[in-house]
Amino acid sequence: MVDLSEFVEEPSSSSSADRHRYDVFLSFNGCDTRDTFIDHLHKALMDADITTFLDDEMIKTEEDLKPEVKSAIKTGKVLNLELERAIKESRACIIVLSKNYANSPRCLDELMFILEQRMSSNKIVVPIFYHVDPTHVRKQESTFGLAMAEHRRMMEAEIDANKRSELAEKIDQWKKSLTEVANLKGRDVNGRRETEFIEEIVKYIYRRLHAPLRSALPLLIGMESSINYVTSWLKDASSHTTDVLTILGMGGIGKTSLAKYVYRSHSHEFDTSSFIEDISRRCDEKLNRSNFIEDISPKSENFNGLLSLQKQLYDDISEQSSVHVHDASTYTSEIENVVACNKVFLVLDDIDSLDQIDALLGSKAFHPGSKIIITTKNTWLIESSALFQKNAKPKHAQFFLNGLDKTESRTLLCFHAFKSNVTHAGYEEVLEELLKYCEGHPLALAILGKSLYNRDVVYWKEFIASLEKDIDPDIISVLRKSFDSLPSENDKELFKHIACFFVGMDRDVATTILEACDIETISGITNLMDRCLLSIGRDNKLKMHRLLQNMGRFVVQQESPNRPWERSRLWCHEESLKVLLQKKGTGNVLGLILDIKMLKNKKLREAYELKTDTLSKMDKLMLLQLNYVQINGSYENFPETLRWLCMHGFPWKSIPPDLPMENLVALDMSYSNIESFGIFNYPQRSDKRLKKSIGSSSKDKVLLGSLKILNLSFCDQLSSLRGFEDLPALERLIVRNCVNLLEVCESISHCGELVHIDLSYCKKLQKFPTSLSILENVNSLLVDGCNLDESQSTVRIKDSPLMLSTTAILHIRSLVRLSLANNNLSTESFPMDFSFLPMLKHLYLDDNPIVSLPNCVRSLPRLEMLSLRNCKSLKSVERPPQKLRELILLFDTKPLLGKVIFDLEMSPLKLSYDWRWIMPSFFEIEGIVKIQPMSGVEEKVLHSLGWTNLDFLNKMHKGKDASYRGSKASEIQMYYEFGIFSTIYQGKELPEWFTYRSTGSSISFIIPSSSSSYNLKGLNFCYVKQFQIQNNESLYFPIIEIRNITKNRTWMYHHSCGSNVIVDGECFVLLSHWMFGMNEMEGGDHVKITISVTKQHQLAEELGVSFVYDDGNKDEEEDALGYYKSWNHIIGGDLSAFQTTTGVYLLNIEGFTRHVIEVDPCYHGLIERSTRYKEEQVYFRALSQRKFGKNFQTPKILPSPSTGSFSLKNLSSNIQNHEQSIEKEQKSFTDFSFQQPSNHQTEQLWNHQKPREQDEKTFVQSEHPSQFLTFSPEISTITTDSNSQMQSSQLGYAGSNINFENQSSQIKTDDGYRWRKYGKKQGKGKNVRSYYMCVSPNCTARKRIETNLDGQITKIAYKGSHNHPKFQSTRISSASNHLQMAQASSNHEFDKFYGSHGSRQFDSFATLENSSIYDDLDRSSSGRLKYDAMPDSKNGFISDGSYGSSGGDEPISIY
């Protein structure tokens, strides 16, 4: 380890002199403009703090010129060195081209030199055409032509031929310069007021010089997080392509305001920029005006909206003068040429058609680094544009504006209604009502707030009541634009249907119903979502903003404002009841809803009487909801056109037999008194309608033949479900919370179209139909809260105590979604595997007393989502399926979860976890964070970190965990995350081995170069911090910022323990080690480390830095930090998801579970923005595969379940060699037992395993090198060669004879211990080395296995000692396992180690580490490998109590 050798001060940003002395150089002819325009322009620039150069000589007229100047004109040497230097040192040049500008050779020379500087140094040049025509300048006509003629006359009068030639050449250069400057994008003062024109010039210069405008930005209440998000996206320079951000949202949600704010704040940071506002309206207005005067001027540019917008865009971003064209495609080509050569920042506001975006952006690539913001209400447009149809597509991100939260809404409403940020007394109730109405819509809050300014409470109440009938015209006009833009009448009808009836309904259910109403729903819903008129919630329910819903209903209301019975839809409960009572329903009505409980007038809820014939005139009625309605009469009068019938609280005990249901698609009888369901319950079979529906034979049409959705939820009296043979089209069966339901009839097998079954919380359900397994289309099954583990009559199926009837539901092979939540299922309740659910993708095990992840879950090959929400007993989740894409570990209270371990080959997944619940010790989510007591950290790990002399830590204590304030002070912990080790303890001084120290909150240094070839591998940083907290409040740790100034890299680390630690006393010490590689840190780099200062913290008492270098040992035996380096999201690994801007990383553990990284406000002084741009939530991978090169060859051995999936391909030869012996043993497996070897056999075995005494303590040809309970601390190895032989008789196995021929060269790796693979690397020659660690807590044993190219094991090396007994698994009964169990039985090890555990049944954790013998594996009829039944604990197979994440009390099952 090499310590810091040098401190340096960070250079000040102001130390380097600016090479620009002036902002602007003015070039002009004094005789034209010196006392007017130039004087005013110069003053305006200076007043705006723009330093401007004005040459006094240029104020003189030509007549006042000194004789030497006139002489210089004749010789062509006009420009002096002072003017040249002033031009060079100016950032921009303004050339005022007036009538007599070309008369002055000096002005022309200035023009030439300025244009030369423009080409060589990219100087900004702004020509101003002061009462001259740019064409005259370009072609040297009018006064410019006369001036050039005069210069030519003077040239021809020159006697000296050489001078005449020089003057001729100079005149040609002047003419070219005039033509060039006229072609630049300039400003024409003609027809303008000079004061306005000068103000425009000053603003333009401000922007071009990257100077912020002095005018105040608008106040956007509640938009701070959105502003920060878009700003972070704008500043993100990680992409080397064009970035496009689409800001989406309904009308009036704040898209334009947000884009305009960001543009005004940051447009000056780009070379060129443009903001095109209100594109949709401007195009529509121009189009309407153009149509009006079409007969007069059909091609008038003034009335073509797109051309006007293109001209504005081109003028903003191009330095050339405007092109005059009448064709949009020509303008598009010109724009494409400009954006291909310049980095631009464009904002296109309110795009609503492909023509608009294609005309303004074209199809060619933009210059790298360009940024484009588009606001629109149509999500489909952008990626359908021509710009995205090329191979090199821009990088596209979308940002949805969903409105303000309640606090922000209240602030905005109060600002407009009370001119204050708080509510006035007495207005609280009415203000809450208005907030509920607006649902965070900024435009509505602003408009309505202004309307209520200075009004009393009574006025507020009447105003709010009127909103239920009439919507403010300013709001409706904005919202209706999206509705009017819908492409078809189908989509408009769909929108009105949803707005009136289906908001909050499941999307699939609504789709089924509406398709039966002849509505094209699938494409229609997509179109509504694209236009931000509709959204889909996480629970698949249709969501619509309340104002949009009111707008849709308003459109329906306008069909007949005063005659509701003539409208197409009736959604108002009062109006519906009135129409029914008066029997005024007509054929116009398509849908009607009436819920008695929703009536505001309580008297109406009782004083009404309805007859069934009130619906007889509604012959087009398809959608009907009559909830809790008492209706009398024959149901024959119900319309036969009904597609959806919802009758909650239906009083009858059965469905009326005369109810017309031939065309019914959805029937919802929830909360009803129905006792059973099935048409065979009806005695009135002689009814004519029934006879007509059922027919005289089974071949005729059956009753309810069209029914696809049946909902009988919360029917407390329902006891049975029958008659499914009459529901052939049924797709969804929903029977939730039917607390007295006892059975579901086997006739459900007739429902071949059934896809969804929900029987949740039917707690008395005793019989699940076994015929469920016959159904081939069921993909969703929900049986939450059915007490699957509490039945009195349970049988063991594949070692599972689940009910026999329940197993039927687990054999539906088509299942994609299965929910077993809240069923009191323990880990032992699950079967051995779920191989009979090959299609399952979503599994919910929420609210079950699971201790660890059931083994059967790992057997699900397609599982993508696993939810373990509120599994309060859950302690560990180890090796979930490799294909898993989402893991939900959310808890309402502090859980017991302490370990989450992933497979090396895992797919990137999305993790949901509340980081408040990080355990104070023994906590690990692999790849994210690991916490363990310092006492359990291996000494070699501490040595690798450069941490020495830590004995003093034994006397220190970390503070209490915040969630366990009453607990005793815990021991000091080691934290590891992002490649950073750290520990926290109470103290007032740094460890003594920190030689280089500093005070304050920062330290700056240059990394010393090592004198040898050793490389830097880490940096130690430590600080002592003083803090001030009161009332035992939580301690917020400062952010550590390490900035490599040389490499332009910055890491800001927010400690994972957050506020979970309380430190007694007034000072604490944080000691950390950062694993840096040469790509991040190396000798000679200038580094600065800063810790944040908050209100809690005072300045650091002391800081310390030291460095750790490798020791030069090139032997690849084992890296003590190898496991930690194998994590993926660490410094030097994949931190892309934590990158805020280029080279800047915010290492905050919450970034794993949030779309946006947010930091506590107390740290905003250190981090510029509290919110940072991120495209999507992190899909993280725990372990990195970057260490394995492309040419790395995987060993041909069978990986362990703890390290990877089973590769059955490599087993084929082994299984074939032992097939006969396996078949002989199959019959004996069921009654399997071990035979104790004789004493002679035991002695022979022991002698065989005794190692030969060699210097390196090498075991040769040992079948079980790890049979000893302890190892030598030195490395132990086993080697083999192809000539070695081992006879089966040497094994001492008393069971069936096993032929070991052709297996003699294989080393067996089953050693009785449980290992976990943590790395691979290429060894010497072409061998492959795999590294393993013992999974038992605090065990230091390690194992290394070498394999050759043929997959044969050539060497096994052990290092360290086991501090626990062996894991005696009987699930794999290979010869080696039989031998171990025989020996263990002989030595009475079961009684010795496991006698105290009784006969509990636990989970199985099979150990197959690189084993080549599989005599206990059997092939089923389907060709898959399976485990045969094994004896239970009564036969002597007891759990290994040494395993567990919290001290060894984790139960393990032996089969």
Side-chain angles (χ1 to χ4, degrees), residues 429-430 432-434 436-437 439 460-471 496-505 544 546-547 549-554 556-557 559-586 588-618 621-633 635 637-639 642 644-652 666-673 711 713-716:
E429 183 178 347
V430 290
E432 289 299 320
E433 290 184 30
L434 194 57
K436 184 178 179 180
Y437 174 83
E439 284 190 0
W460 275 62
K461 289 182 178 179
E462 293 182 356
F463 181 84
I464 294 173
S466 68
L467 293 176
E468 297 296 331
K469 299 179 180 179
D470 299 313
I471 305 178
K496 290 186 286 186
H497 269 312
I498 294 175
C500 293
F501 305 127
F502 294 102
V503 173
M505 184 177 287
M544 184 180 291
R546 181 171 179 174
L547 292 178
Q549 184 179 20
N550 289 346
M551 181 268 292
R553 292 178 171 181
F554 176 80
V556 175
Q557 186 185 40
E559 297 173 355
S560 179
N562 301 318
R563 294 172 174 265
W565 53 87
E566 293 183 357
R567 301 174 194 160
S568 60
R569 299 161 182 87
L570 293 173
W571 67 90
C572 176
H573 302 287
E574 284 77 9
E575 290 182 342
S576 296
L577 181 60
K578 184 178 180 180
V579 169
L580 293 177
L581 288 174
Q582 297 178 359
K583 299 184 179 181
K584 288 187 177 182
T586 67
N588 293 337
V589 182
L590 301 176
L592 180 148
I593 61 174
L594 170 60
D595 191 327
I596 297 300
K597 291 186 176 181
M598 298 300 294
L599 293 174
K600 295 180 181 180
N601 190 335
K602 294 183 179 179
K603 294 182 179 180
L604 286 178
R605 298 180 186 177
E606 301 176 358
Y608 76 91
E609 182 178 357
L610 290 180
K611 299 290 185 180
T612 56
D613 60 0
T614 59
L615 302 172
S616 59
K617 296 181 181 180
M618 302 181 188
L621 187 66
M622 292 185 289
L623 307 171
L624 177 62
Q625 181 187 85
L626 296 175
N627 289 349
Y628 306 99
V629 176
Q630 298 292 332
I631 187 167
N632 301 318
Y635 284 87
N637 297 317
F638 269 50
L642 284 179
W644 171 54
L645 177 60
C646 177
M647 300 183 72
H648 289 182
F650 187 69
W652 289 29
L667 177 63
D668 186 352
M669 291 287 190
S670 302
Y671 301 95
S672 300
N673 293 327
N711 191 343
S713 299
F714 296 93
C715 291
D716 293 343

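In plain terms, the two heavy atoms of Val589 and Trp565 that are nearest each other are CG2-O, 3.6 Å. Contact detail for Asn588 and Glu566: the closest heavy-atom pair is ND2-O, 3.3 Å. For the residue pair Ser670 and Asn711, the shortest heavy atom distance occurs at OG-OD1, 3.2 Å. Gly552 and Ala499 make their closest contact through CA-CB, 4.2 Å (heavy atoms, listed as atom of the first residue, atom of the second, distance).
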Does the pair Met622 and Trp644 meet the rule for a side chain to side chain contact (heavy atoms under 4.5 Å, CB included), with working shown?
CA-CA 6 Å; Met622 292 185 289; Trp644 171 54; over 6 Å; no
Could you please spell out the steps behind the side chain to side chain contact (heavy atoms under 4.5 Å, CB included) verdict for Leu624 and Leu615?
CA-CA 10 Å; Leu624 177 62; Leu615 302 172; 3.7 Å; yes
Start with the C-alpha gap between Asn632 and Thr612, add the side-chain angles, then the distance that decides, and say whether side chain to side chain contact (heavy atoms under 4.5 Å, CB included) holds.
CA-CA 6 Å; Asn632 301 318; Thr612 56; over 6 Å; no
Are Ile471 and Arg553 close enough, and set up right, to give a side chain to side chain contact (heavy atoms under 4.5 Å, CB included), and what steps lead you there?
CA-CA 10 Å; Ile471 305 178; Arg553 292 178 171 181; over 6 Å; no
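Side-chain atoms of Asp668 never come within 3.5 Å of backbone atoms of Cys646 as a donor-acceptor pair (strictly under, hydrogens ignored). With hydrogens and angles ignored, the 3.5 Å screen pairs a side-chain donor or acceptor of Glu439 with a backbone N or O of Arg546. In terms of modelled atom types and a separation under 3.5 Å, the side chain of Asn637 and the main chain of Ser616 share no donor-acceptor contact.
Annotation: side chain of Leu626 is not in contact with side chain of Leu610 (no heavy-atom distance under 4.5 Å). Within the 4.5 Å cutoff, the side chain of Ile498 has heavy atoms near those of the Val503 side chain. Between Val579 and Met618, the closest side-chain pair of non-hydrogen atoms falls below 4.5 Å. Annotation: side chain of Ser672 is not in contact with side chain of Met647 (no heavy-atom distance under 4.5 Å). Under the 4.5 Å side-chain criterion, counting only non-hydrogen atoms from C-beta, Val430 is not in contact with Phe463. Within the 4.5 Å cutoff, the side chain of Lys436 has no heavy atoms near those of the Glu432 side chain. Here the side chains of Phe502 and Met544 are not in contact, with every heavy-atom distance at 4.5 Å or above. No side-chain heavy atom of Asn627 sits less than 4.5 Å from a side-chain heavy atom of Ile596.
Lys496 NZ to Phe554 CZ: the interatomic distance, rounded to the nearest 0.5 Å, is 13.0 Å. The CH2 atom of Trp652 sits 12.5 Å away from atom CG of Asn673, with the distance rounded to the nearest 0.5 Å. Interatomic distance, Leu623 CG to Leu570 CG, rounded to the nearest 0.5 Å: 11.5 Å. Note that OG of Ser466 and NZ of Lys461 are 14.5 Å apart. Values are rounded to the nearest 0.5 Å.
The number of heavy-atom neighbours closer than 6.0 Å to CD of Glu429, taken from other residues, nucleotides and ligands shown, is 12 or below. Other residues, nucleotides and ligands contribute at most 12 non-hydrogen atoms within 6.0 Å of the OH atom of Tyr671.
For residues 568-578, every residue pair satisfying the side chain to side chain donor-acceptor pair (under 3.5 Å) rule, not counting sequence neighbours, is listed here: Glu493-Arg569, His497-Arg569, Glu559-Ser568, Arg567-Glu575.
Considering only residues two or more places apart in sequence or on other chains, Lys617 meets the side chain to side chain donor-acceptor pair (under 3.5 Å) condition with none of them.
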